[in-house]
2 protein chains.
Amino acid sequence: MTVTIKDVAKKAGVSPSTVSRVLSGHPRISLETSRKVKTIMEEMGYTPNMMAKSLVSKTTNSICIILPKPAEELFSNLFFMELIRGIVTQSSRSGYDVLISSGANEKEELEAVSRLLKGRRVDGVILLYSRKDDAVIDFLESSGYPFVLVGRSDRYEDILSVDNDNVMAAFDATNHLISMGHERIGFVSGPPNLIVSRDRLEGYRKAMQNSGLEMRPEWIVEGEFLQDSGYRAMSFFMNLPNRPTALVAVDDMVSFGVLRGLNELKYKVPEDLAIVSFNNIPLSELSSPPISSIDIGIYHLGYTASQVLIQTIQKPDNDPGYTNRFVIPHRLIVRESSMYAPGKK
Amino acid sequence: MTVTIKDVAKKAGVSPSTVSRVLSGHPRISLETSRKVKTIMEEMGYTPNMMAKSLVSKTTNSICIILPKPAEELFSNLFFMELIRGIVTQSSRSGYDVLISSGANEKEELEAVSRLLKGRRVDGVILLYSRKDDAVIDFLESSGYPFVLVGRSDRYEDILSVDNDNVMAAFDATNHLISMGHERIGFVSGPPNLIVSRDRLEGYRKAMQNSGLEMRPEWIVEGEFLQDSGYRAMSFFMNLPNRPTALVAVDDMVSFGVLRGLNELKYKVPEDLAIVSFNNIPLSELSSPPISSIDIGIYHLGYTASQVLIQTIQKPDNDPGYTNRFVIPHRLIVRESSMYAPGKK
DNA sequence: CTGTGTAAAGCAAACGGTTCCATGAAGGAG
DNA sequence: CTCCTTCATGGAACCGTTTGCTTTACACAG
C-alpha cells in the first residue's frame, strides 16, 4: 500500500489540508506543525501522487519532444541525441519531466500530440523539424498550446523557435577561407527543400559577393547530408578546368566523403583543397586531417528550447511583439583542413 | 474549456458511467447507445483526461528510460539514440508513452526513479547501463516495481535483462578470422571493469583455444572504446617481432584508430592486418576499407526491452523460473577489412 | 467582559474519470 | 400471470490532491 497524504495526516494528528499546505510551503503553517509533518512524511516514505496533483492543478510538469520519423542517418542520430541531452538536462533542472514521442507519419504524430496535450499528459511540446507545411504546427498554433520549434520555418513567422543563424554561419565559414587567401571557393549544398541548405548557400553567396569574388555556377553542387555527396562533389570539382582551391560543405559527413575521395586520388588536404563544413560532429576532430567546422551548439539549442518552452508554460502572458526567435551562436573551429594559405604555393 | 465525460453524457442524454463504458468497450452496452455516444464524442472533440484515468486506475501507460550520466563519446550517442528509437517504436505500438530521465549522479538518478515510480507517473523503468553495484537496481528490486536492464550484471542474477551474447559474438568474430587462415590474432579490449569487455575477451580466448592457436599475452591490449586506443594498440602490435596478422577490436571506434594508424604508416588493410570489430555503427561501412563488424542489433535491443517490460507490467504473475534474460542475436557483417587470406601471401 | 483582528488548522467540494451496486424493463419459464 | 433472469443503464462512492471558506483559539484593545 502506498502512503497517501491522508495517512500522513492521520499519523501527524492533523488534517490532509494541513499536510498539503506543508508540502507547498504555505505561509500560514506554524513552524512546529511543519516540522512534525515533515518528519512523519520522511518516516513513512511519503511521495506525492503526481496524477492526483495534476488532476486538480491542471498542470503536469512535463513536456514532450516530437521526434521526426526515423531518419537513419548518422548525423541525425548524433544530432537528436545531443539535442535530447540538452533538453533533458534543462528540463530536469526546472523540475520538468520529458516525454518523447514519434509517429510513423504526420497523421500519427498529430494524433499523438493531440492526445498528449488535450489529454493533459504534457504541458507543452518541442518540435524537432521544420517541414514546410505542417499539420502539427497548424494544430498547435490554432489550439494555443505552448510549443517551440527547433529549426526555422518561413511559413510560420510568429511562432516560438530556436535556431542558428545559418546565413551568418556560412558567411563566417566562407570568409574564413577567403581570409586565408582563397579566391576560388566551391560549395556543396544539401537538399534544396531544407531551409538550412538554402540559408547556408545564401551565406556563402553573401560572403563571396562581399569580397567581390567570382561565383561560378559549377562551383555549387547539390547533394545530401551524406558522405556520398561529398565523394561525388569532390570528383566533379577536381575535374573542373579551373578548379576551386577550397570548399564549404553543408555538413561534416559531406566533408568525410570529400576527404576519402581526395585521399584515394592522392590529393592533399588542405594543400590541394581546403575544407570547412558544418555541425562539428565528434568525428570531425578525429579524421585525418581534422576538419574545420562550424559548431552550431546542438546541446545549447536543446537547452534553450526547453528553457523557452517552460518559461512560456509558466507565464503565458505572451509578450506580444517581443522576441520569439532565439538564435544560438555558432562558432568556427579551425582545424588542419583549412590551415593553409594558397598564395604561398 | 475542455470537454469532459460529463459534457458528453449530458449531450447524449446518458449518464457519465455509460460514456465511460462506451469508451472502454464494456460488453453490456447496446450498439445503439454506443454509436450515439461515439458520434457525440467525435462532434465535441472529446479526449479523455489521462490524469484522471491514471488516478483511479493506478496505471499510467507510460514507462521511463534512465539515461546514464552524459557519456560524451560518439558511440554512446549513436548507441543510445538507436536504443531509444527501438524503445519508443515498440512502446508506442503497445500504447505506452516514454519518459526519459537522467541524473547527474547516482543519487539524483535514484531520486528521479523513486519519484516517478512511487509518484505513479510511470509504470516501469528501463535501465541503460550496468554498473557493478547500483543503488537504483537495489531500490527497484526491493520495491518490486517492474524494470528491465539493457546490458547484463553478474551481481544481479534474477532480474529481467536484455543483452547480447557477447562471448559468442567475440567467438564468432575470432573464428571468422581463423577460418580465413589467420593464426596470429590480436585483441584490443575495452575498460576491464565493463562486463562487455570481459565477455568479448573471453569469447576471443575460447575461439583461439578451440582452434588450438597460440595466445600470447602481448597480443591482448586494453583500451577504451575510442579511436586513440586503436591507434596506440596498432603501433604496439606492428612493432612486435612476431606481429599479429589480424585483430579483433571491441568497438568500431577502435578500428577507426587502427585504420588511421596503419594508413599513416602505409600499411594495407586487410593485407598487412585484417580487422573485425563490434557494434557495426553506420560509419563502419563508410570507412576505407569498410570494416567487418558484429552487428549487435541495438534497435532490436531497445525494442525487446520495451516489449519485455510492458509484458511484465501487464501481467505481473512473474513466471518464476522462466527466462528472465533475453538474448538478442548478433550477426557478423563481413566487409573488406577482413577479406583476405594470409596464406596466399 | 465583550468585540475584533489574526494566525493556524479543518471541512468539504472540486478535478475527471471508473466501477460496484442498484434498478427498471423485457423476455422466458413454469 | 407471476417469478426469475438477463440486459442496459443510472447512482454514488472513490482515486489522492488542492483550495476557498470556515472555524477555533488566542491576544489585545476598548
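Order of the sequence lines fixes the chain letters, A, B, ..., with proteins taken first and strands second; residue numbering starts at 1 for each chain.
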**Q** Could you give the CE-to-P distance, from Met41(A) to dT17(D), as a whole number of Å?
**A**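 Met41(A) atom CE is separated from dT17(D) atom P by 11 Å.
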**Q** Any chance you could list the contact pattern along nucleotides 11-19 of chain C? Use B for base contacts, S for sugar-phosphate-only contacts and - for none, protein heavy atoms under 4.0 Å, 5' to 3'.
**A** BB--BBSBB
**Q** Using whole Å, report how far CD1 of Ile29(A) lies from P of dT19(D).
**A** 13 Å
**Q** Gly119(B) near the nucleic acid: base, sugar-phosphate alone, or nothing, with a heavy-atom cut-off under 4.0 Å?
**A**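 Nothing, no nucleic acid heavy atom in range.
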**Q** For dA8(C), does OP1 or OP2 lie under 4.0 Å from any side-chain N or O of Arg28(A)?
**A** no
**Q** If the helix axis at each end comes from five base pairs, how far does the helix from dC1(C)-dG30(D) to dG30(C)-dC1(D) deviate from straight, to 10°?
**A** 70°
**Q** Just the rounded figure in Å: distance from P of dC7(D) to CD of Glu32(B).
**A** 18 Å
**Q** Any side-chain donor-acceptor pair under 3.5 Å between Ser57(B) and Thr59(B)?
**A** no
**Q** Can you name the residues that form a side-chain contact (heavy atoms from CB on, under 4.5 Å) with Gln90(B), not counting sequence neighbours?
**A** Ser94(B), Tyr303(B), Ser306(B), Gln307(B), Ile310(B)
**Q** Evaluate the criterion side-chain contact (heavy atoms from CB on, under 4.5 Å) for residue pair Leu309(A) and Gln314(A); output intermediate values, then yes/no.
**A** CA-CA 9 Å; Leu309(A) 177 61; Gln314(A) 289 177 341; over 6 Å; no
**Q** Among Val122(B), Leu117(B), Ile313(B), find the residue that satisfies the side chain to side chain contact (heavy atoms under 4.5 Å, CB included) test when tested with Tyr145(B).
**A**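 So the option named by the test is Leu117(B).
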**Q** Using OP1 and OP2 only, check whether a side-chain N or O of Thr33(A) sits under 4.0 Å from dA9(C).
**A**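 For dA9(C), OP1/OP2 do have a side-chain N/O of Thr33(A) under 4.0 Å.
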**Q** Report yes if some heavy atom in the side chain of Met51(A) is under 4.5 Å from a heavy atom in the side chain of Lys53(B); otherwise report no.
**A** no
**Q** Look at atom NZ of Lys36(A) and say whether more than 12 heavy atoms of other residues, nucleotides or ligands are closer to it than 6.0 Å.
**A** yes
**Q** Starting at atom CZ of Arg35(A), determine the distance to atom C1' of dA8(C), rounded to an integer number of angstrom.
**A** 16 Å
**Q** Taking atom NZ of Lys38(A) as the centre, does the number of heavy atoms from other residues, nucleotides or ligands within less than 6.0 Å exceed 12?
**A**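 No.
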**Q** Rounded to the nearest 0.5 Å, how far does CG of Asp138(B) lie from CZ of Arg155(B)?
**A** 5.5 Å
